[in-house]
A.B. asks: 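Input: one structure, supplied below.
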Amino acid sequence: MTFTPAPWPRQLRSQHWYGGTSRDTIYHRGWMKNQGWPHDLFDGRPVIGILNTWADLTPCNGHLRELAEKVKAGVWEAGGFPVEVPVFSASENTFRPTAMMFRNLAALAVEETIRGQPIDGAVLLVGCDKTTPSLLMGAASCDIPSIVVTGGPMLNGYFRGERVGSGTHLWKFSEAVKAGEMTQEEFLEAEASMSRSTGTCNTMGTASTMASMAEALGMALSGNAAIPAVDSRRRVMAQLSGRRIVQMVKDDLKPSDIMTRQAFENAIRTNGAIGGSTNAVIHLLAIAGRVGVDITLDDWDRCGRDVATIVNLMPSGQYLMEEFFYAGGLPVVLKRLGEAGLLHKDALTVSGSTIWDEVKDVVNWNEDVILPADRPLTAQGGIAVLRGNLAPKGAVLKPSAASPHLLVHRGRAVVFQDIDDYKARINDEELDIDETCVMVMKNCGPKGYPGMAEVGNMGLPPKVLRKGITDMVRISDARMSGTAYGTVVLHTSPEAAAGGPLAVVRDGDMIELDVPNRRLHLDIPDAELEARLAAWRPTHEVPASGYAWLHQAHVEGADTGADLDFLKGCRGNPVGRDSH
């Protein structure tokens, strides 16, 4: 892609606040000077907003204030004026009912933070799952020069000589306790081994996936995604990004110049190659909607269906993010995609160079971690998009995390009306269920939970686990943690709370899953399905006020990214109105 830098010098948007000698500009400058800033900092140089998602209650991002100082150093070195700005931080492991409910609120807060303040360029300081998409969504809506700096993954966990992956082993050990294979005391002992340094999940969970998506989209410097949080090179990356954003402002290199259709197709294929989280589907759809690129579920199947998974990381594989970085990280994966003809090589990145120029000379230092093309972890990775009378608008499944023998399956439905019903009955020894059944959970989508929580990877009933069974087909309108695994059908659309066919599935109905043919079918006559849908009435609770009400009233379906309907396609002039 050809990009022509804007002329420099020129007047930047921050000069609407700080330039000149009017009463209003003196007002803005004067108050800033109470922090000790000298007058020449307001001379028209780029003002860089460091949008920081640090919070004590967002442990994955607990080190971002330190990284912000390195970003500032880079901005100063390049002749910019850095200002650190706290923004909404939705922690995946703290927020209730679910962080996903607040992704759109965070994006809206970021958008207005940029739009209403004298910021010429933005450094998006992110880490935990929802912080990356929410900041990218907000920045895309304002379309000022922006660059992603990720906090990085934590170090490997170890328990009794075994690698312990964030989340992945939480699900594994929890099931082992239920099966009687692990004591509660051993589980508590393992807890201390899971998170032994600052940073995000060390598996290819949603945080690492979205860091990889940002890099594949071209919105982060090459190599950003995998550097461990405590590695000194993470700080170097932050400082280099601070330098780079100043030049991006001078060139007027914006998200809309970088996040093109080609960039999104690169990201979709990258997600398949890394065995990335199903959450990437919903987040990339939302980001694309903000930047005005028409990406659909069909694009996910078209671009990602035949991409082999070559990154041998949990939950699909064996290793963790630390080894991925040492092997060469995402640049090696992008080079492999380019060699296979699966990369738009001329897609532009924040560096000002093409993505191919950034990765063409990298070396794979460990072919057990990043596998050769002729021995992939999964020949067809990516995300399988399923359709049928049970999911007219689509559902998704991650083949690399599924059991091959269950990818074609017919079974009797065991239905849970919502997550509370599931929790109340799943451990009941009298529950009529065996390993051939299909577990179905309703009312856990964007409207139903509300917020679409990561509860789709329902734990199996103890009496099935005791047989040595570790996987069953599970279907819901919920999401699944990127650290999780199993033959789990997610994001079923329309969701049950919106009157989708999932809402009328009954115990005993036969359900057919055929992943190779992308089919999800409720085996009842069409007339019966129509009659059930006509008789359906919503059962989920509808909030009466506050953001929960706003979310309920305006959130769209998972098939289009679950954004708020009034925020899509809202990219425009980011200069705020001066009220003084």
A.B. asks: Looking only at heavy atoms, which two atoms of A395 and V489 are closest? And how far apart?
C.D. replies: CB-CG1, 3.7 Å
A.B. asks: Quick one: does T203's side chain have a donor or acceptor within less than 3.5 Å of a partner on G165's backbone?
C.D. replies: no
A.B. asks: Closer than 4.0 angstrom, basic N to acidic O: yes or no for R474 and E435?
C.D. replies: no
A.B. asks: Relative to each other, are the rings of F102 and F95 parallel, tilted or perpendicular (30° and 60° limits)?
C.D. replies: tilted
A.B. asks: Extract all donor-acceptor atom pairs below 3.5 Å that involve side chains of residues 130-139 and protein atoms in other chains or at least two apart in sequence.
C.D. replies:
from: K130; atom 1: NZ; to: E92; atom 2: OE1; distance (Å): 2.3
from: T131; atom 1: OG1; to: G127; atom 2: N; distance (Å): 3.0
from: T131; atom 1: OG1; to: C128; atom 2: N; distance (Å): 3.3
from: T131; atom 1: OG1; to: C128; atom 2: O; distance (Å): 2.6
from: S134; atom 1: OG; to: K130; atom 2: O; distance (Å): 2.8
from: S134; atom 1: OG; to: T131; atom 2: O; distance (Å): 3.2

A.B. asks: Crowded around E339 CD? As in, over 12 foreign heavy atoms under 6.0 Å?
C.D. replies: yes
A.B. asks: What pairs with E323 under side-chain hydrogen bond (donor to acceptor under 3.5 Å, both in side chains), at least two apart in sequence or on another chain?
C.D. replies: N156, R163
A.B. asks: Applying salt bridge (charged side-chain N to carboxylate O under 4.0 Å, His left out) as the test, list every pair that has at least one member in residues 219-236; sequence neighbours left out.
C.D. replies: E66-R235, D231-R233
A.B. asks: Does a donor on one side chain sit under 3.5 Å from an acceptor on the other, for S166 and T483?
C.D. replies: no
A.B. asks: For H63, give me all partners under side-chain hydrogen bond (donor to acceptor under 3.5 Å, both in side chains), at least two apart in sequence or on another chain.
C.D. replies: T198
A.B. asks: Please list all pairs passing the salt bridge (charged side-chain N to carboxylate O under 4.0 Å, His left out) test where one or both residues lie in residues 395-418, with sequence neighbours left out.
C.D. replies: R410-E512, R410-D523, R412-D432
A.B. asks: Only pairs at least two apart or in different chains count here, so list each ring pair (Phe, Tyr, Trp, His ring centres under 6.0 Å) that has a residue in residues 410-430.
C.D. replies: F416-Y422
A.B. asks: With the threshold set at 4.0 Å, does a side-chain nitrogen-carboxylate oxygen contact exist between R425 and D421?
C.D. replies: yes
A.B. asks: Can you list the residues that meet the side chain to side chain contact (heavy atoms under 4.5 Å, CB included) rule with R65, with sequence neighbours excluded?
C.D. replies: N52, W54, E84
A.B. asks: Looking at V126, T94, T53, T200, which hits side-chain contact (heavy atoms from CB on, under 4.5 Å) with C60?
C.D. replies: T200
A.B. asks: Would you kindly say whether T206 and S277 are connected by a side-chain donor-acceptor distance under 3.5 Å?
C.D. replies: yes
A.B. asks: With sequence neighbours excluded, what pairs up with T378 under the side chain to side chain contact (heavy atoms under 4.5 Å, CB included) test?
C.D. replies: T309, S400
A.B. asks: What pairs of residues pass the salt bridge (charged side-chain N to carboxylate O under 4.0 Å, His left out) test when at least one of them lies in residues 456-466, not counting sequence neighbours?
C.D. replies: E429-R466
A.B. asks: What heavy-atom pair brings D471 and L460 nearest, and what distance separates the two atoms?
C.D. replies: N-CD1, 3.6 Å
A.B. asks: I'd like to check the side-chain hydrogen bond (donor to acceptor under 3.5 Å, both in side chains) partners of D368; sequence neighbours left out, ordered by chain and number.
C.D. replies: none
A.B. asks: Listing request: all ring pair (Phe, Tyr, Trp, His ring centres under 6.0 Å) pairs with a residue in residues 308-336, at least two apart in sequence or in separate chains.
C.D. replies: none
A.B. asks: Do any pairs count as a salt bridge (charged side-chain N to carboxylate O under 4.0 Å, His left out) and have a residue in residues 186-198, sequence neighbours left out, and if so which ones?
C.D. replies: R160-E186, R160-E189
